[in-house]
Amino acid sequence: MDVVLIDDFIDPYHHLQLLESRVQKEADEKANEKREHQEVERLKVKVQKLRAKKAWLEQQLKQQHAKVLTDLDGDDNSLPDMGPQELVQLVAETQKKKFEELIQAYRLTGITVTTPEPDITRVCWDTAHKGTLCEPYYMEIQHKETLRILRHSLPYFVPLETVSQTLLNTDFKKFVASMSEYLAAYVNRRQEIVMLQEKYSDILIGEVESSHAADFVQFQLKLQPESEQIVEAKLTYEQLTDILPTKVRIKVLLGNSANASDVIVNTQDIKHYKECFHSMELTKAVGEIID
Amino acid sequence: MAGSSEVDIFGEIQQTINEFPASESENETPGTPRRSATSITQLLGLMGREPTYRRNRKERYKLQVENLEKEIAVLEERLAYRKQEEVGKLSCKKFEKTWKRVKRLNQTSQLCGRHEEELKALREQLHELGSITGVVLKDTSCILKKISSAVVKRQHRVEGSCHGLRFELDFDITESKVSETDSSSVITRLAVEADEAVNSDLAPFIQRVEEECAIQTFLRGYVGYAEWHSQRQAMFEHLSQRHPNSVTISEGTEATQLTFSRSDQPGATFTVHWTIDISNIGKVTPKVQLVTKATRQLLKMDTHGVFARLPKRFEEKVNSHGARQATELLMIASSLNAFTKITV
């Protein structure tokens with residue numbers, strides 16, 4: 001019996017298909033291999049570059065730039081021994097950094113102005129409460145024929161529209177100063193309330209209530225733990241630029257089980273409390289009252 | 001795992017090398033490409049291990065890249081910190097002199113052009129900030145003290161002036177990282193030195209702001225005070241130059257009062273007191289008052305009580321027209337007809 005060859009029974013077209021798919025598979029595998037190879041080569045080059053960068057950084061750290069700069073900063077006229085290009089680069093870059101430091105230092109004033117684009121001015125108002133730096137507020141102003149406010153992050157109760165109509169296109173410096181005044185006063189009033197709650201939580205009864213703009217504040221104090229007497233204070237700041245209240249109302253409330261003998265606050269005391277609130281910031285005034 | 005598979009690979013390579021035919025012609029068939037054990041890659045290819053080996057190499061490179069990037073990030077941070085520290089200690093004023101020196105040198109003057117353009121833009125920005133804020137900052141230096149990775153302390157010195165009155169601030173800022181994106185800054189120490197001309201006037205205000213480390217309150221108050229101070233100084237200078245024989249200013253140009261009198265009425269003198277109050281919270285209030293002095297004879301002649309009413313009228317004029325105009329109007333009014341030469 002002759003050996004029956006399998007090939008005799010396979011359809012030639014099917015055979016062709018098998019061959020084609022095998023060729024395709026081999027081509028795909030070769031392409032994948034090529035990609036993998038390229039990726040490995042790419043990574044190899046990247047490693048070399050990173051090693052070079054690391055070496056450069058380590059060398060920079062070892063260099064005695066500090067001494068060179070200190071020598072340049074001195075009063076004598078000698079210059080360090082380095083090439084002219086290197087010297088110019090070093091001195092110019094250092095001078096630029098010093099100017100940039102001065103520009104940054106303007107944040108201490110609470111007002112900084114930058115020009116991110118040729119016709120856009122950005123004003124930043126940094127706020128603070130005593131030594132603690134608080135949140136900044138921003139405004140972008142477009143200047144073409146006139147100045148126009150594009151966007152801002154100021155609180156809604158700041159009378160921006162009124163002030164800008166009067167000052168924005170007539171006295172920009174005054175406009176910026178005016179906004180600074182509103183924001184500084186608001187942050188000051190707000191932070192005083194926060195400090196009051198933190199410092200005097202043991203004598204405060206309940207929470208300190210205030211408006212969003214912190215231009216109305218109401219709270220109750222129990223000056224002595226053994227007494228039922230409660231002092232209620234309502235402070236109003238008529239102008240949003242006020243740091244001290246313009247109206248102070250003090251009420252003395254007696255608790256349910258209180259007797260006349262529990263009264264420790266008299267008319268003279270109330271007058272004194274009012275004077276304290278009128279003349280001192282909130283936390284200091286409360287401190288003065290309880291002393 | 002990679003390690004153990006590498007051991008397997010090399011074991012198999014060795015085995016394959018040992019099994020390789022001694023003579024290549026033994027197993028060679030026409031058309032078949034020559035196979036030789038010249039590279040591990042080829043051997044691995046023969047064994048079907050090449051893709052695995054290349055994958056492991058790729059992982060190793062990736063790991064190296066990752067580690068190097070981390071190390072570089074740390075080094076860059078250290079370098080930036082070191083540079084900031086070095087530059088921070090320098091005096092801005094002194095370094096500007098150095099830049100001018102470098103520009104004048106023959107071998108470097110040509111190279112300065114591009115840098116000078118950039119420096120000019122920065123100077124203009126500083127000038128604009130000075131005119132908007134009323135504060136002209138002249139020098140700053142900083143000593144960095146890193147306490148931990150989350151806390152940095154800086155000791156700053158800032159020198160400047162407001163309307164001609166100089167000041168110096170020496171303070172510490174402690175910056176603490178609260179989270180990845182958030183940090184808090186607190187001024188923990190403040191020493192203020194105001195212009196010696198006004199130091200004594202501002203002593204209580206300065207003491208208060210130093211206690212509270214309130215730099216913004218100081219600068220806001222100082223700008224307001226300096227503005228009024230410069231207006232007062234300008235008015236006193238103008239009037240004393242215009243009427244050198246009749247106007248006397250107390251204590252030189254840092255004075256708070258100006259006195260004048262009429263030559264034909266030596267019995268009457270007018271003193272304008274101009275004080276500038278500054279509250280503990282930095283609110284500035286100028287107070288301009290008129291004090292009149294007249295002889296008894298003159299007062300007897302003043303049947304309409306003009307002298308008595310003058311201070312109040314003067315105050316009203318100050319509120320409506322400003323101190324300078326009110327004073328000049330008073331000087332004119334006090335000369336009756338024409339404004340003749342006034343002598344002391």
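Within every chain, numbering begins at 1; the chains are lettered A, B, ... in the order of the sequence lines, protein sequences first and strands thereafter. Just so it is clear, the structure is predicted and the values come from calculations on it, not from any experiment.
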S.K.: Is the shortest side-chain heavy-atom distance between B:Arg57 and A:Glu36 below 4.5 Å?
M.R.: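 No, too far: nothing below the 4.5 Å cut-off.
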S.K.: Which one, B:Lys283, B:Gln125, B:Glu128, leads in non-hydrogen pairs under 4.5 Å with chain A?
M.R.: B:Gln125
S.K.: Would you check if A:Gln95 and B:Leu119 make a side-chain contact, meaning some heavy-atom pair closer than 4.5 Å?
M.R.: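 Side-chain contact under 4.5 Å: yes.
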S.K.: How close do A:Val113 and B:Leu129 get, counting heavy atoms only, and between which atoms?
M.R.: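 Here A:Val113 and B:Leu129 meet closest at N-CD2, 3.3 Å.
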S.K.: Answer with side chain, backbone, both or neither: which region of A:Glu41 has an atom nearer than 4.5 Å to a non-hydrogen atom of chain B?
M.R.: side chain
S.K.: Ignoring hydrogens and angles, tell me if any N or O in the side chain of A:Tyr106 forms a donor-acceptor pair with the backbone of B:Val135 under 3.5 Å.
M.R.: yes
S.K.: Counting N and O atoms only, with roles assigned by atom type, does the side chain of B:Gln216 sit under 3.5 Å from a partner on the main chain of A:Leu133, one being a donor and the other an acceptor?
M.R.: no
S.K.: Atom CG of B:Leu79 and atom CD of A:Glu58: how far apart are they, to the nearest 0.5 Å?
M.R.: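 If we round to the nearest 0.5 Å, B:Leu79:CG and A:Glu58:CD are 11.5 Å apart.
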S.K.: Using a cut-off of under 4.5 Å for heavy-atom pairs, which of B:Thr217, B:Leu190, B:Thr133 has the most such pairs with chain A?
M.R.: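 Most heavy-atom pairs under 4.5 Å with chain A: B:Thr133.
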S.K.: Around atom NZ of A:Lys173, are there more than 12 heavy atoms of other residues, nucleotides or ligands at under 6.0 Å?
M.R.: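 Atom NZ in A:Lys173 is crowded, with more than 12 foreign heavy atoms closer than 6.0 Å.
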S.K.: Any chance you could measure B:Leu137, atom CG, to A:Leu102, atom CG, to the nearest 0.5 Å?
M.R.: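 With rounding to 0.5 Å, CG (B:Leu137) is 6.0 Å from CG (A:Leu102).
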S.K.: Counting only heavy atoms closer than 4.5 Å, note whether B:Arg189 contacts chain A via side chain, backbone, both or neither.
M.R.: neither
S.K.: In terms of heavy-atom pairs under 4.5 Å, which option from A:Glu101, A:Lys97, A:Glu100 contacts chain B the most?
M.R.: A:Glu101
S.K.: Just by modelled atom types, is the B:Leu90 backbone N or O under 3.5 Å from a matching donor or acceptor in the A:Lys98 side chain?
M.R.: yes
S.K.: Quick one: pull up CG in A:Leu57 and CD in B:Glu77 and give me the separation to the nearest 0.5 Å.
M.R.: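 If I round to the nearest 0.5 Å, the distance is 12.5 Å.
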S.K.: Side chain, backbone, both or neither: which part of A:Glu181 has a non-hydrogen atom closer than 4.5 Å to chain B?
M.R.: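 Interface part for A:Glu181: neither.
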S.K.: Which one wins on heavy-atom pair count under 4.5 Å against chain A: B:Glu211, B:Arg123, B:Lys62?
M.R.: B:Arg123
S.K.: With only heavy atoms counted, which part of B:Asn280 is less than 4.5 Å from chain A, the side chain, the backbone, both or neither?
M.R.: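 Nothing of B:Asn280, per the 4.5 Å heavy-atom cut-off to chain A.
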S.K.: Is B:Arg78 in contact with chain A via its backbone, its side chain, both, or neither, using a 4.5 Å heavy-atom distance?
M.R.: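 Contact with chain A involves both backbone and side-chain atoms of B:Arg78.
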S.K.: Which answer fits A:Ala177, side chain, backbone, both or neither, if we ask what part of it has an atom under 4.5 Å from a heavy atom of chain B?
M.R.: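 No part of A:Ala177 comes within 4.5 Å of chain B.
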S.K.: Could you have a look at B:Leu169, B:Ile132, B:Val209, B:Leu219 and say which one has the most heavy-atom pairs with chain A under 4.5 angstrom?
M.R.: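 Looking at each option in turn, the highest pair count goes to B:Ile132.
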S.K.: Counting only non-hydrogen atoms closer than 4.5 Å, does B:Phe171 touch chain A with its backbone (N, CA, C, O), its side chain (CB onward), both, or neither?
M.R.: side chain
S.K.: Name the region of B:Glu96, side chain, backbone, both or neither, that has any atom closer than 4.5 Å to a heavy atom of chain A.
M.R.: both
S.K.: Write down the atom of A:Leu43, the atom of B:Tyr61, and the distance for their closest heavy-atom approach.
M.R.: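 In terms of heavy atoms, the two residues are closest at CB-CB, 3.6 Å.
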S.K.: Under a 4.5 Å cutoff for heavy-atom pairs, which residue among B:Ser279, B:Gly160, B:Cys213 has the most contacts with chain A?
M.R.: B:Cys213
S.K.: Got a sec, which pairs hit side chain to side chain donor-acceptor pair (under 3.5 Å) with one end in residues 112-121 of chain A, sequence neighbours left out?
M.R.: A:Thr121-A:His143
S.K.: With a 4.5 Å cut-off on heavy-atom pairs, point out which of B:Thr188, B:Leu68, B:Ile215 contacts chain A the most.
M.R.: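 Maximum pair count with chain A is reached by B:Leu68.
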S.K.: What is the minimum heavy-atom distance between A:Leu108 and B:Val158, and which atoms define it?
M.R.: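 Minimum heavy-atom separation between A:Leu108 and B:Val158: CD1-CG2, 4.1 Å.
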S.K.: With chain B as the partner, which of A:Thr132, A:Ile111, A:Thr109 has the greatest number of non-hydrogen pairs under 4.5 Å?
M.R.: A:Thr109
S.K.: Under 4.5 Å from any heavy atom of chain B, what part of A:Asn188 do you find: side chain, backbone, both or neither?
M.R.: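 Nothing of A:Asn188, per the 4.5 Å heavy-atom cut-off to chain B.
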S.K.: Which of the residues A:Arg42, A:Lys284, A:Gln104 is involved in the greatest number of heavy-atom pairs with chain B at under 4.5 angstrom?
M.R.: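 It is A:Lys284.
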S.K.: Distance from A:Ile103 atom CD1 to B:Leu126 atom CG, nearest 0.5 Å?
M.R.: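 Between atom CD1 of A:Ile103 and atom CG of B:Leu126 there are 4.5 Å.
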S.K.: Any carboxylate oxygen within less than 4.0 angstrom of a Lys/Arg side-chain nitrogen, looking at A:Lys53 and B:Glu71?
M.R.: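 Here A:Lys53 does not pair with B:Glu71 in a salt bridge, since their nearest N and O are not under 4.0 Å apart.
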S.K.: Does the pair A:Lys96 and B:Glu117 meet the rule for a salt bridge (Lys or Arg N to Asp or Glu O under 4.0 Å), with working shown?
M.R.: CA-CA 11 Å; A:Lys96 276 178 223 163; B:Glu117 287 292 314; over 6 Å; no
S.K.: Any side-chain heavy-atom pair from B:Gln64 and A:Lys46 closer than 4.5 angstrom?
M.R.: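 No, too far: nothing below the 4.5 Å cut-off.
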